[in-house]
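Keep in mind the model is a prediction, meaning the values are calculated, not measured. Both backbone and side-chain heavy atoms feed into the values below; hydrogens, waters and symmetry mates do not. In listed order, ligands and their atoms are each counted from 1.
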Amino acid sequence: MTTIALLGLDLILGLIAVALWAYAAVRAQTSGLRWAMAGLLVVLVRLVTVLLLADRGWELAAERVTVGVPLALLAGTAALGLLIHARRRNRTGSTAARTALWCAAGASAVSLVLTGVVGYPGWPGAAGHNHSHSGGVAVTDLRTPPIGAARKVELVAQTQAVTLPSGRVVDAWTFGSLPGPTLTARLGETLEVTLRNRDITGGVTLHWHGLSVPNGEDGVAGVTQNAVFPGDSFVYRFRAEQPGTFWYHTHQHGREGIARGLYGALVVQPASGSTAGVDLVLPFHTIGKTAILGGSDQVQREVVPGGTPVRLRLVNTDQQPRLFALTGAAFRVVALDGVDLNGPTEVSNQALRVPAGGRYDIAFPMPASPVRLSVEGARQAGLVLAASTDAPEPEASQPTTTFDPTTYGTPKPVPEMTGEFDGSTTIVLDRLPRILNGRPALAQTVNGGVFPDVPPVLVTEGDLLRMRVVNRSFETHPMHPHGHHVLVLSVNGRAPTGSPLWLDTFDVQPGEVWEVALRADNPGIWMDHCHNLEHAAAGMMFHLAYAGVNTPFTHGPGSLNTTE
Ligand SMILES: [Cu+2]
């Protein structure tokens, strides 16, 4: 049974138990005994369920195992005992028995409240966090000094009516085009990007998703800078130190800004220059109800002679995971999140599940027959590669299996990530009623709290940190630590058997437990958050904060910065 099924079963059994005990109380004088026995049976099945859950991950069931279910079991057993006792004495109307039955119903209800309202590890501390202590280094000092030889780019954030290839016009917010221009740099080159805001009244920033830039260049409103308002500008500088596929987007009210079009791709080519053959960057985005692959809302065609090496860089800029499929050719998954995989082998007829914010690079030699790239749920948009313009379009395929990165490629030692851990932290993701921005809401929580009232994960430069991420909710959370890639240690207790997996965005699906390692080698105050930005805006963010680093910027009420 899957963990998510166990979580669901526990909830349903809890509700049934409450109903059975309550009904037993109502029918105490007649058929109450039968209903009470059914209630006790259900609580016993719940006990088995929560023990199975605890075996999958203690944090999934802690309060259920220690308090919730024992309480329900105790109250239920006592109520049943009293009822039997009353029956023996022929006092079917016993008030004590009836009260005990109501108490049993209440105990089962309390166990549900513990899980659904209090959560784990219990009610968060009321205190928020505050980095603006004196001394140490400010995030504004953690920047790249100007150099003359930088590759200079200007991006102008603006409202724009964009006419898509289908003729459809969308009212977008862009960095000049939809998507923004693909930025490229060679390994080792310094990029200098001037951001200007023409008329995005809510403000913008530029965040370099997946790139380990200096903290002051990370573009997070309210943490590493103030949002850039109309008429203002900000200059970002960073050395491209990792070859691979990345993307950029606003990190000021990104839930709205990215969805409306404030994003683009960023490719760092190897020092030797661009790779031979065809190299296409394909961000997938949904604006309104229109799906766009690359820059098109239609099936685009590219003429590619047979035998040409092809590299497709798939970027998911949406809020949900997307399933990509390639029909007509076997391929290799050569990189995830901008990091090459070791020993990639041929894959065919498998869907690629790319997390929100994640990147998959695939490569294959062009076959003689046409090839089609499609995205599930987006029939209109797609890509066809063919040797001639009149070759028939292959049908979009629907693979029945999904590619599993944890069993793909060849293992290889990662010496820089072995050795003693200097610290460990547990991040529990859940959906709980909380006060969010001053209003009650069904929030997306981290360790029972909502941003900014989530204590930061504190590290010292050089630390090797083990991070355990547990998803108690019924939704997928693509967790994105800024400024670092993490090495996957295990998913649901199983270590990867293939290539080392270095990710900057990992989908923690409902009921999943991930363990990852992070080397604290990039000082700063870094966001770590769910990249479903609906969830981030609903509280699912926290800071990874280095000792001795502070920020002068503020976010939330009373500030113009909206961090997500
Ligand atoms: Cu989420």
| query | Can a donor-acceptor pair be found between the side chains of Thr115 and Glu63 at a distance below 3.5 Å? | reply | yes
| Judged by modelled atom types alone, do Thr426 and Arg468 share a side-chain donor-acceptor pair under 3.5 Å? | no
| message | With no hydrogens and no angle check, just 3.5 Å: does a side-chain donor-acceptor pair link Ser111 and Arg46? | response | yes
| message | Check this for me: does any side-chain nitrogen of one of Glu461 and Arg519 sit under 4.0 Å from a carboxylate oxygen of the other? | response | no
| remark: Given a cut-off of 2.8 Å, the protein N, O or S atoms lying below it from the Cu ion (ligand 1) are His477 ND1, Cys530 SG, His535 ND1
| task | Check whether the side chains of Ser212 and Asn522 place a donor and an acceptor atom closer than 3.5 Å, and report yes or no. | result | no
| With sequence neighbours left out, what residues match His482 under ring-ring contact (aromatic ring centres under 6.0 Å, His included)? | His207, His251, His480, His529
